[in-house]
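Some notes on the structure that comes next.
The shown structure was predicted, so the numbers you read here are calculated from the model rather than taken from an experiment. Letters A, B, ... are given to chains in the order of the sequence lines, protein chains preceding strands, and every chain is numbered from 1.
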Amino acid sequence: MNKKTTPPNTPYAPQAIEAKWQKHWHDSQAFATPAHPATKKPYYILEMFPYPSGRIHMGHVRNYTFGDIVARTKRAQNFDVLHPMGWDAFGLPAENAARQSNKHPEAWTRANIDTMKRQLQAMGFAYDWSREIASCDVDYYKHEQKMFLAFYKHNIAYRKKAYVNWDPVEESVLANEQVIDGRGWRSGAVIERKQLTQWFLNISRYSQNLLDSLEPLDWPAKVARMQRNWIGASQGANVLFTSDKLPEPVRVFTTRPDTLFGASFCALSPEHPLATHLAHNNPALRRFIDTYKATHHARSEEHDKQGIDTGITVAHPFITDLKLPLYVANFVLMDYGTGAVFGCPAHDPRDFEFAQKYQLPIRPVITAPNGESLPYVGDGVVCNSDFLDGMDSAQAKARVIAELDKRGLGSAQRRYRLRDWGISRQRYWGCPIPIIHCPTCGVVPVPEKDLPVTLPHDVDFSVSGNPLDHHPHWKHVTCPTCGGQATRETDTLDTFFESSWYFARFTAPQSPQAFDEEALRTWMPVDCYIGGIEHAILHLLYARFFMRALQDSGYGIPDGAIEPFKRLLTQGMVCHPTYQDVEGTWLEPQEVHSDKAGNAVDKDGRAVVVGRMEKMSKSKKNVIDPQAIIEQWGCDTARLFMVSDTPPERDLEWSDSGIKGVHRYLKRLYTTLDDLCVGLKGVRAHDIGKSHGDTATLRAIHQAIRDVTEDLAHHRFNRAVAAVRILSNHLFGLDGGDEDVAPLLKSGLQVLLVLQNPFTPHLCEELWARLGGEADLTRTPWPVCESGFLQQDDAQIAVQVNGKLRGTLTLPKGSGEQAAVDAARALPRIQALLAEQSPKKVIYVPERLLNLVV
RNA sequence: GCGGACGUGGUGGAAUGGUAGACACAAGGGACUUAAAAUCCCUCGCUGGUAAUCGGUGUGCGAGUUCGAGUCUCGCCGUCCGCACCA
């Protein structure tokens, strides 16, 4: 094997070193996933695959650097590592590009993939590229069509007419999860409510299971909590309010059945079927309904409560002579609970507001603590409530439910906020839904033999709307059942479909079936999954659901793969200050300089407004292009900077001086070893498992091994870097020319290179080779810390009087309390403070601290 | 409004209830240099002191628990995030 090194006494030239080792790793297949059955323990490290938007950005660099550090560490620690990469390649930006620049979405996407792949390779990430997936490949999405049909067969995929979130800019529907503050997550357009027939996946069936299984996951507590809140379980009761004027009783869901005696009205959602029924001969009601069901805007942004009395009254389940007016009200949501509520104004702020507006009775039924005004929403002792009087809320709830049950007027009920996942999108660049609509047979699945349904290539983006729908002939087919004229489903699948199973596909990406059960058994779940917190709900919830749904639809998903991500690391954003000129135009960081006084100015010397640290984004131009950093400093510098100072889950503040500082260290490491390696190459390294006269150096080596190993195991990358720096500071202080020192220095430097390798692998490989390392660092095992060498003979002990630090002592290890007290009392300062008194109490923590209480 | 997280030097950040500020960045001083860059060395929470291996003080504010609190508890203030008419 050719492992020539650059000649000594040359300056650090990262580009040459990096290209050389990237080629070497590529040629030697250094990161191929080991074949199975494995002799070692498997470890699956995965970073969220990117959308091929054009070029990689700093967010990618940070995310994938973390993953690479884990991958390289685990490999050195004798694991069989699966570390794949692919492309989340369907999606709207490709269509926008097609509309703007007349480029076909596929060509645009493929070109972006090429660019980004080259950029990722230039970062030296240890991926097994033979497992690369692009989700827009027919070979990938064809499996999705089978999954969809399996879901359909098992009633997990179904069609219903529903009010959906319509994004007028994207001209497509969005999932609830994609609507943020009433606006589209990508377009920012105000979302409209439209009634359409759409495909849904029955994720809500798994609500409780998805909730319960969060518990054992090694996820950030914040993410688990977000999912819990999103699923939003609540325990309560269904209650029926009857009326002989209605075809059926009003069914209400409440979490406060203990306040039932305080009811003063009932209210239906504008979309409620009973409301529609009543509107038939009530034009005012009709108008009210039409106003409020049309837009999201009127529902969620204007919070004033509007209602209309239907003129109907309903019977209170317990108070025989109480008839409650039935309203239709804008604040009642159709898609939560039953779409109907009973109003208890005394104990619910919304009902209170509504009751005040429409002069409805406000009757307290929970004794509010002194000083609490109505509406009082807390629990308490029930009053004015017949058989519930004197009970606390919990008892009252149970009792009401029991009574309702007895009378057939209600029952206990558990509800979830989570709604079914709408998966239809009126888009071209996505996976076609394999369904045919026949005027005689209805909904007909595309038969297995006709799969996959592929996207037509010749599409027209010059008209708005879904290109599949106005394609001249693609959708026109004959019905597989009756042979009559029929049309294809022209909606495509939400692109979250692709990311819901790609991690499982990576375990056997060439398998003719979607999954290879054996491979799933070997690799799944993903041991460590790294990505942005913005996917805390959408992607991570869908993926968890998908594995369950696939298993229930006949796919051989092993139980061990049901929770796909065992451990999750959510990395923070990469941030940079923003700059604007006097006109408010955003400026790129390169366009901003500082004048003599240190003020930010533009190229013409005009003042620049420096904004706060914000996530790097194209729109505000506060971006640093990774490509430029790689070219100027090398990828090792970029990688080390990504992890040096800030814990991974926090936002990283980009700084030029930070980059320079990291580079200065690498340069120093390079030149120091460049000098030393000539002399050390022939030296036989000291076995760090054996003792050495220089106990301090040996201790520094073992301490570094222990600290870096533990910090990496806990993803404390910044601390691991600090531990590496401590070792380097120690080793740089040694005299390499001293022949007693040389063997231990050499082993110290070797340990340093192995420990630092996950961060800056190219430089470490180069220096390792120059130092005479046998195998590549990619095949060099991780060093072992012998705790025996960490021991010191003496311990420094803090001496406190009454808990305040008053001095320090150096005592031999294992000194007893009496020896410590005697030594402390010998210190002049302690003597003065004690003033002849004996301590009332002595707290002695061996080898750490002595506290004398007087 | 509800839920949560966080608050430590000029900056990023360390710190199993046990010597706060590891490791860096910036800054200042010095060496080398005709000069600059680069590199190397030193200083670096605040404060008193010529100085010390010196004193005082210090982890948003106020209380509490403890021999001892950046860390635990309670109450404020501030920042950030999530959800938001979810009955």
Side-chain angles (χ1 to χ4, degrees), chain A residues 11 180-182 220-223 225-230 232-234 236-237 239 252-257 259 267 269 299-305 329-333 335-344 347-351 353-354 377 415-419 533-534 536-537 641 644-647 649-662 664-665 667-668 671 707 711 716 718-729 732 796-810 827 829 839-845 847-854:
Chain A
I180 294 145
D181 292 332
K222 181 190 166 95
V223 177
R225 196 177 313 106
M226 281 165 75
Q227 290 215 351
R228 263 185 212 108
N229 291 344
W230 192 262
S234 54
V239 186
V252 152
F253 173 67
T254 178
T255 56
R256 295 300 301 273
T259 64
S269 163
R299 302 293 291 280
S300 59
E301 296 212 347
E302 293 167 14
H303 278 204
D304 61 318
K305 302 209 169 6
N330 66 340
F331 68 92
V332 184
L333 304 176
D335 39 17
Y336 180 77
T338 56
V341 299
F342 80 78
C344 177
H347 305 294
D348 183 291
R350 295 158 303 194
D351 299 344
E353 193 186 327
F354 194 77
V377 297
R415 295 261 174 200
Y416 304 89
R417 217 187 68 122
L418 180 67
R419 290 162 220 155
I533 189 130
E534 64 272 22
I537 295 168
F641 175 70
S644 279
D645 286 339
T646 306
E649 58 282 352
R650 273 198 232 177
D651 288 353
L652 173 72
E653 294 178 10
W654 180 271
S655 86
D656 290 335
S657 52
I659 272 279
K660 284 180 197 151
V662 164
R664 189 158 49 216
Y665 166 68
K667 209 156 115 183
R668 188 177 177 201
T671 42
D707 291 350
D711 287 337
R716 299 185 296 233
N718 58 320
R719 289 200 348 186
V721 171
V724 168
R725 297 289 296 255
I726 290 170
L727 178 60
S728 76
N729 286 344
F732 288 175
Q796 220 190 21
I797 292 179
V799 182
Q800 299 179 336
V801 176
N802 290 339
K804 287 205 168 204
L805 181 71
R806 299 300 184 187
T808 53
L809 272 180
T810 304
L827 294 173
R829 172 142 180 85
K840 257 191 289 187
K841 192 171 174 184
V842 174
I843 286 113
Y844 180 59
V845 183
E847 291 164 34
R848 290 209 74 105
L849 164 141
L850 177 71
N851 187 10
L852 305 172
V853 186
V854 292

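A/Y336 places its OH atom 4 Å from the P atom of B/rA87, with the value rounded to the nearest Å. Rounded to whole angstrom, the span from the CZ atom of A/R848 across to the C1' atom of B/rA20 amounts to 13 Å. Counting to the nearest Å, the P atom of B/rC83 and the CD1 atom of A/I537 are 5 Å from each other. For the pair A/D348 CG and B/rG1 C1', the interatomic distance rounds to 13 Å; values are reported in whole Å. Computed from coordinates, the A/L852 CG to B/rG18 P distance equals 19 Å when rounded to whole Å. Atom CZ in A/R725 sits about 15 Å away from atom C1' in B/rA14, given to the nearest Å. To the nearest angstrom, P of B/rC83 lies 14 Å from CG of A/L418. Between the CD atom of A/E653 and the C1' atom of B/rC25 there is a distance of 12 Å, given to the nearest Å.
Figure legend: A/R668 and A/F732 shown without cation-pi pairing, the cationic atom not lying both under 6.0 angstrom from the six-membered ring centre and within 45 degrees of its axis.
Heavy atoms of A/S234 sit under 4.0 angstrom from primed sugar atoms or phosphate atoms, though from no base atom. The residue A/D351 sits apart from the nucleic acid: no heavy atom pair falls under 4.0 Å. Residue A/P349 is out of contact with every strand shown, counting any heavy-atom pair closer than 4.0 Å. Among the atoms of the strands shown, base atoms are found under 4.0 Å from some heavy atom of A/N851. Heavy atoms of A/T808 sit under 4.0 angstrom from at least one base atom. Within 4.0 Å (heavy atoms only), A/R806 reaches sugar-phosphate atoms of the nucleic acid but no base atom. Counting any heavy atom pair closer than 4.0 Å across all strands shown, A/I843 reaches a base atom. Nucleic acid contact for A/R415: none, since no nucleic acid atom lies under 4.0 Å from a heavy atom of the residue.
A distance of about 10 Å separates the C1' atoms of B/rU59 and B/rU71, rounded to the whole Å. For the C1' atoms, the distance from B/rC61 to B/rC6 is 16 Å, rounded to whole Å. Straight-line distance between the P atoms of B/rA22 and B/rG12: roughly 15 Å, to the nearest whole Å. The gap from the P atom of B/rU57 to that of B/rG62 amounts to 15 Å, rounded to the nearest Å. Taking the P atoms as reference points, B/rA51 lies 32 Å from B/rU33, given to the whole Å. A distance of about 31 Å separates the P atoms of B/rC23 and B/rA5, rounded to the whole Å. The same atom, P, is picked in B/rC44 and in B/rG21; the two are 12 Å apart, to the nearest Å. The separation of B/rG58 from B/rG64, taken at their P atoms, amounts to 16 Å, rounded to a whole angstrom.
The base-pairing partner of B/rU53, taking Watson-Crick or G-U wobble contacts with both distances under 3.5 Å, does not exist among the strands shown. Nucleotide B/rU59 is matched to nothing when pairs are restricted to Watson-Crick or G-U wobble geometry with both distances under 3.5 angstrom. Judged by Watson-Crick or G-U wobble contacts below 3.5 Å, the nucleotide B/rU66 has no partner. Shown here, B/rG17 forms no base pair; nothing in the strands shown gives a Watson-Crick or G-U wobble contact with both key distances under 3.5 Å. Pairing for B/rC83 is with B/rG1, a Watson-Crick or G-U wobble pair whose two hydrogen-bonding atom distances lie under 3.5 Å. Nucleotide B/rC6 is matched to B/rG78 when pairs are restricted to Watson-Crick or G-U wobble geometry with both distances under 3.5 angstrom. In a base pair of the Watson-Crick type (N1 to N3 plus N6-O4 or O6-N4) or a G-U wobble (N1-O2 and O6-N3), with each distance short of 3.5 Å, B/rA27 is matched with B/rU43.
For A/R829, the listed nucleotide lying nearest its side chain is B/rG55; candidates were B/rA24, B/rG55, B/rA14. Listed nucleotides: B/rA26, B/rC81, B/rA87. Nearest to the side chain of A/R664: B/rA26. Nearest to the side-chain atoms of A/N718 among the listed nucleotides B/rA14, B/rG12, B/rC85 stands B/rA14. Listed nucleotides: B/rG3, B/rG12, B/rA84. Nearest to the side chain of A/R225: B/rG3. Residue A/I726 places its side chain closer to B/rC23 than to any other of B/rA87, B/rG82, B/rC23. The side chain of A/W230 sits closest to B/rA84 out of B/rA84, B/rA24, B/rU19. Taking only side-chain atoms of A/R650, from C-beta outward, the nucleotide of B/rC23, B/rA14, B/rG12 with the closest atom is B/rA14.
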Practice problem: Report the C-alpha distance between A/Y665 and A/V724 in whole Å, list the side-chain angles of each, state the deciding distance to 0.1 Å, and finish with yes or no for side chain to side chain contact (heavy atoms under 4.5 Å, CB included). | Solution: CA-CA 11 Å; A/Y665 166 68; A/V724 168; 3.9 Å; yes

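In this structure, A/K222 does not reach the B/rA5 phosphate: none of its side-chain N or O atoms is under 4.0 Å from OP1 or OP2. For B/rA38, the OP1/OP2 oxygens have no side-chain nitrogen or oxygen of A/R668 closer than 4.0 Å. The phosphate of B/rU11 (OP1 or OP2) has no side-chain N or O of A/S655 nearer than 4.0 angstrom.
The backbone N or O of A/G236 sits nowhere less than 3.5 Å from a side-chain atom of A/T255 that would complete a donor-acceptor pair. A donor-acceptor pair is defined here as one N or O able to donate and one able to accept, closer than 3.5 Å; no such pair exists between the side chain of A/D711 and the backbone of A/R716. Judged by distance alone, with hydrogens and angles left aside, the side-chain atoms of A/R419 form a donor-acceptor pair with the main-chain N or O of A/D335 at under 3.5 Å.
Place A/D335 and A/I797 on RNA chain B by their nearest nucleotides, and A/I797 ends up nearer the 5' end. In terms of position along RNA chain B, the nucleotide closest to A/D651 lies nearer the 5' end than the nucleotide closest to the other residue of the pair A/V845 and A/D651.
Using a 4.5 Å heavy-atom threshold, the side chains of A/D351 and A/F331 count as touching. Side-chain contact between A/R806 and A/L852 is absent, with no heavy atoms from C-beta onward closer than 4.5 Å. In this structure the side chain of A/Q800 never reaches within 4.5 angstrom of the side chain of A/I843, judged on heavy atoms. A 4.5 Å side-chain heavy-atom check between A/P257 and A/V239 finds every atom pair outside the cut-off.
Residue-to-nucleotide contacts include a donor-acceptor pair under 3.5 Å from the side chain of A/K305 to the base of B/rC85. Put simply, the side chain of A/Q796 and the base of B/rU19 share a donor and an acceptor less than 3.5 Å apart.
Annotated as syn: B/rG9, whose glycosidic dihedral is within 90° of 0.
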